[in-house]
Amino acid sequence: TMLITHLGLDGMVSEIVAQIRRDVQADPSGKNTEVKLVRGAKINDRECTYVEITHPEPAEGLTYYRARFFIDNEFHLPARVEAFDWPKAPGKEPELLAEFTYTKVKINVGLTDADFDPAQLRTASR
């Protein structure tokens with residue numbers, strides 16, 4: 001389960017990796033896991049590739065029916081994450097559990113270690 005504390009990029013990447021590890025433990029044979037790689041997706045006009053993982057049947061240790069992890073092709077960072085619950089009845093659409101989309105991400109903006117100095121942060125908050 002993704003918590004609000006995982007909204008930062010580092011936390012989100014860590015959570016995605018942890019979730020995949022839990023999936024492998026819950027379905028070690030892979031018989032209840034389908035993986036699809038889709039190229040050519042776009043999130044906010046950014047070219048992305050996404051991985052879609054589907055667990056057709058609910059099982060102990062699996063927390064979602066389907067998850068999609070969109071990766072920005074240029075930055076190689078998450079652009080969007082979607083997680084769905086199992087459909088409530090055959091033929092019904094899966095219910096959206098969570099979605100996160102990162103927009104207007106800027107990387108390498110010239111920050112230095114001094115920008116994260118705790119003393120400077122205390123001064124700025126006063």
Side-chain angles (χ1 to χ4, degrees):
T1 303
M2 288 181 230
L3 302 174
I4 260 318
T5 57
H6 292 117
L7 285 178
L9 287 174
D10 182 49
M12 183 57 69
V13 170
S14 296
E15 181 58 29
I16 290 169
V17 170
Q19 183 62 56
I20 291 171
R21 286 184 176 146
R22 288 190 297 269
D23 286 358
V24 169
Q25 288 177 340
D27 184 26
S29 71
K31 291 181 181 177
N32 191 24
T33 301
E34 300 168 2
V35 179
K36 180 168 53 170
L37 182 70
V38 180
R39 299 182 193 283
K42 281 197 171 187
I43 301 292
N44 295 322
D45 295 322
R46 306 258 330 144
E47 291 287 330
C48 294
T49 299
Y50 73 87
V51 177
E52 180 178 274
I53 301 171
T54 303
H55 302 296
E57 298 298 324
E60 186 175 335
L62 297 177
T63 57
Y64 59 86
Y65 164 68
R66 176 174 292 137
R68 294 184 186 125
F69 307 107
F70 293 77
I71 307 300
D72 184 291
N73 290 348
E74 179 184 358
F75 297 143
H76 306 287
L77 294 170
R80 180 171 172 80
V81 176
E82 303 171 344
F84 298 86
D85 200 358
W86 284 268
K88 300 294 183 206
K92 296 287 185 185
E93 290 295 314
E95 180 181 341
L96 182 66
L97 294 172
E99 65 180 337
F100 303 94
T101 303
Y102 296 95
T103 61
K104 300 179 185 177
V105 174
K106 294 180 183 179
I107 60 172
N108 298 327
V109 294
L111 298 175
T112 66
D113 288 346
D115 292 311
F116 298 95
D117 179 359
Q120 182 170 328
L121 294 174
R122 279 193 295 275
T123 303
S125 67
R126 290 184 182 159

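Just so it is clear, the structure is predicted and the values come from calculations on it, not from any experiment. Sequential numbering from 1 along the given sequence is applied to the chain's residues.
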So [Y] and [X], do their side chains get closer than 4.5 Å, heavy atoms only?
{"X": "Tyr64", "Y": "Asp85", "value": "no"}
{"X": "Ile43", "Y": "Tyr102", "value": "no"}
{"X": "Glu99", "Y": "Arg80", "value": "yes"}
{"X": "Ile53", "Y": "Phe69", "value": "yes"}

Distance, nearest 0.5 Å, that separates [atom1] of [X] from [atom2] of [Y]:
{"X": "Tyr50", "Y": "Lys42", "atom1": "OH", "atom2": "NZ", "result": "15.5 Å"}
{"X": "Thr101", "Y": "Phe70", "atom1": "OG1", "atom2": "CZ", "result": "8.5 Å"}
{"X": "Asn73", "Y": "Arg39", "atom1": "CG", "atom2": "CZ", "result": "8.0 Å"}

Taking all heavy atoms of [X] and all of [Y], pick out the closest pair and write down the distance.
{"X": "Gly40", "Y": "Glu47", "value": "CA-OE1, 4.2 Å"}
{"X": "Ala79", "Y": "Cys48", "value": "CB-SG, 3.9 Å"}
{"X": "Pro58", "Y": "Trp86", "value": "N-NE1, 3.4 Å"}

Checklist line | Qualifying salt bridge (charged side-chain N to carboxylate O under 4.0 Å, His left out) pairs, either residue in residues 60-73, two or more places apart | finding: Arg46-Asp72, Glu52-Arg66, Glu52-Arg68, Arg68-Glu82
Check: Testing Asp23, Asn32, Asp27 for side-chain hydrogen bond (donor to acceptor under 3.5 Å, both in side chains) with His55, which one passes?
Finding: Asp23
Do [X] and [Y] sit in the same hydrophobic cluster, where Ile, Leu, Val, Met, Phe, Trp and Tyr count as joined when their side-chain heavy atoms come under 4.5 Å apart?
{"X": "Ile20", "Y": "Val35", "value": "yes"}
{"X": "Leu37", "Y": "Val81", "value": "yes"}
{"X": "Val51", "Y": "Leu77", "value": "yes"}

Note to self: Testing Leu62, Val24, Thr63 one by one against Gln19 for a side chain to side chain contact (heavy atoms under 4.5 Å, CB included), which residue passes?
What the structure shows: Thr63
